[in-house]
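Working notes for the structure below.
When a ligand or atom number is given, it counts from 1 through the structure's own listing order.
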Amino acid sequence: MVVGDFPIELDTLVVGAGPGGYVAAIRAAQTGQKVTIADKGALGGVCLNVGCVPSKALIQAGHRYEHAKGAEDMGIASENTSVDFSKVQEWKGKVVDKLTGGVEGLLKGNKVDIVKGEVYFVDKNTVRIMDDKNSQTYTFKNCIIATGSRPIELPNFKYSDRVLDSTGALGLKEIPKKMVVIGGGYIGTELGTAYANFDTEVTILEGTKDILGGFEKQMTQLVKKRLKKKGVEVITNAMAQGVEETEDGVKVKYEVKGEEKTIEADYLLVTVGRRPNTDELGLEQVGVEMTDKGIIKIDKQCRTSVDNIFAIGDIVDGPPLAHKASYEGKIAAEVIAGEKSEIDYLGIPAVVFSDPELASVGYTEAEAKDAGYEVNASKFPFAANGRALSLNETDGFVKLVTRKDDGLVIGAQIAGANASDMIAELGLAIEAGMTAEDLALTIHAHPTLGEISMEAAEVALGTPIHIK
Ligand SMILES: Cc1cc2nc3c(=O)[nH]c(=O)nc-3n(C[C@H](O)[C@H](O)[C@H](O)COP(=O)(O)OP(=O)(O)OC[C@H]3O[C@@H](n4cnc5c(N)ncnc54)[C@H](O)[C@@H]3O)c2cc1C
């Protein structure tokens with residue numbers, strides 16, 4: 001039924017309320033724009049509902065269980081440690097609800113109007129928004145598209161109760177005895193690790209020569225060592241070919257070194273990448289330019305080829321990460337408000353919540369050399385840090401990439417406990433144009449993991465205290 005015969009006029013319309021869209025809406029409202037945000041699903045998008053937040057909750061619960069089982073080398077033993085997985089899921093749900101409820105409160109607090117429904121573009125100033133029953137036309141002055149992405153479905157691996165995408169894996173009602181994961185990217189590795197911590201026997205099939213492509217070999221090796229310790233088998237150069245569902249599980253066929261093999265499990269998780277949600281928006285009628293993969297082309301101000309339409313997050317180029325989406329959202333909102341904002345991706349960190357965690361910001365040593373810089377790469381190990389020793393977390397290192405001539409920090413990589421938090425300091429160093437000397441002169445509390453970054457800077461200066 002069409003009830004909206006008369007278009008409703010809007011100032012700024014944000015399409016999609018994930019970490020890109022809701023942040024853009026709030027920043028736009030802060031700049032004095034009258035903002036409406038529309039989403040066909042739950043506020044918070046993939047990240048809050050079925051991505052970053054629930055996956056980290058599951059990983060944390062898995063770590064708690066793993067730790068609760070004892071630490072032999074510390075003399076801690078425990079018996080009868082158990083998991084009530086329905087309670088784990090209930091707790092995870094509460095974390096999600098708290099955050100999504102918070103987003104709604106923040107939007108309302110900033111006087112952003114929320115419209116529930118699916119958005120379809122009619123022309124460069126008009127959309128139709130449909131819910132189950134109604135369709136209403138809206139006109140807008142400016143629009144920020146933030147419709148995110150969804151898991152790629154391979155033809156031979158149709159999703160079902162046994163063949164899961166990341167959302168299915170996050171929502172399982174039981175701990176699988178055996179799980180096969182196709183794809184050793186960050187989502188497959190994180191979820192595989194989470195279930196391995198709950199004692200699931202996990203096999204990761206990775207099509208290329210290593211898991212977590214994009215991270216340096218020394219970093220991924222540490223993750224593989226831990227995965228092995230947890231009983232996770234990582235099979236690289238393995239091409240998954242098909243799956244047969246049985247009464248109570250799956251049989252997954254794959255090829256490795258020219259040999260065909262079959263592996264049985266309770267569940268198969270397929271994490272082979274995500275595709276942008278740009279195919280059902282009607283953007284072709286508006287003239288918004290896209291690549292053949294459906295990625296919307298934008299300039300440094302997040303503006304598309306249509307001057308009043310902006311795009312951010314997983315639907316534009318760059319790493320599909322929540323904080324990148326939010327960063328771009330703020331820029332788009334500020335540009336609409338007439339501010340001189342533009343994207344600089346160098347300071348955007350990438351983090352994997354694996355065991356141990358991996359994090360990178362700015363250039364890697366190889367990227368810096370490719371870009372024509374003469375660099376110093378200075379490393380300091382977790383094993384030489386007091387806090388890491390007392391945490392029993394001695395695997396890993398901080399690596400700083402600094403310019404040879406003036407010591408400017410242009411990149412950093414961390415493998416080790418709390419890398420996800422530690423990387424922020426090194427991102428700040430890049431953002432603020434700091435040198436290795438600035439980091440070395442910054443007094444870090446003792447004993448903390450932060451001292452590892454300080455000492456990596458001292459290595460760059462040739463003056464480390466705690467290694468020779
Ligand atoms: C399992 C998993 C774990 C992850 N972990 C991390 C992590 O630890 N750190 C990290 O940075 N990133 C992580 N990500 C990636 C992160 O979730 C995404 O990069 C992020 O959500 C992208 O934000 P977005 O705003 O672009 O889109 P989304 O969060 O995808 O939001 C898009 C919104 O648009 C809505 N929408 C789509 N089409 C329409 C339409 N036509 N009309 C109306 N509404 C529409 C959707 O309903 C959705 O709410 C993870 C992803 C997954 C799947």
* Asked: Under a 4.0 Å heavy-atom limit, does P151 contact ligand 1 with its side chain, its backbone, both, or neither?
  -> neither
* Asked: So is V15 polar-close to ligand 1, meaning N/O to N/O under 3.5 Å?
  -> no
* Asked: Is K56 close to ligand 1, meaning an N/O of one under 3.5 Å from an N/O of the other?
  -> yes
* Asked: Are any of the N or O atoms of K40 closer than 3.5 Å to those of ligand 1?
  -> yes
* Do me a favour and list the nearest non-hydrogen protein atom to atom 17 (O) of ligand 1 with residue, atom name and distance? => C47 CA, 3.4 Å
* Short N/O distance, under 3.5 Å, between D39 and ligand 1? -> yes
* Salt-bridge criterion met for K173 and D161 (N-O under 4.0 Å) -> no
* Asked: Can you check whether V119 has an N/O within less than 3.5 Å of an N/O in ligand 1?
  -> yes
* Identity and separation of the nearest protein heavy atom to atom 15 (C) of ligand 1 -> Y186 OH, 3.3 Å
* To do: Tell me which part of C52 gets within contact of ligand 1: side chain, backbone, both or neither, using heavy atoms under 4.0 Å.
  => both
* **Expected output: side-chain E190 to main-chain I59 donor-acceptor under 3.5 Å** => no
* Got more than 12 heavy atoms from elsewhere within 6.0 Å of CD, E431? -> no
* **Winner among L281, D279, D314 once heavy atoms are compared against atom 18 (C) of ligand 1** => D314
* Structure fact -> For G18, the atoms of ligand 1 under 4.0 Å from one of its heavy atoms are 25 (O), 29 (O), 31 (O)
* Asked: Counting N and O atoms only, with roles assigned by atom type, does the side chain of T271 sit under 3.5 Å from a partner on the main chain of G184, one being a donor and the other an acceptor?
  -> no
* **Under 3.5 Å: N/O of E280 near N/O of ligand 1** => no
* Where's the contact between L321 and ligand 1, heavy-atom distance under 4.0 Å: side chain, backbone, both or neither? -> both
* Any Y120 heavy atom less than 4.0 Å to ligand 1 -> no
* G16 N/O to ligand 1 N/O under 3.5 Å -> no
* To do: Return a yes/no value for A322: is any of its N or O atoms, backbone included, closer than 3.5 angstrom to an N or O of ligand 1?
  => yes
* Going by heavy atoms, is P319 under 4.0 Å from ligand 1? -> no
* Contact atoms of ligand 1, heavy-atom distance to R274 under 4.0 Å -> 53 (C)
* Asked: At their closest point, which heavy atom of F121 faces which heavy atom of C143, and how far apart are they?
  -> CZ-SG, 3.7 Å
* Nearest to atom 30 (O) of ligand 1 by heavy atom, N277, V23, V46: which? -> V46
* Asked: In terms of ring plane angle, is the pair Y195 and F85 parallel, tilted or perpendicular, where the classes change at 30° and 60°?
  -> tilted
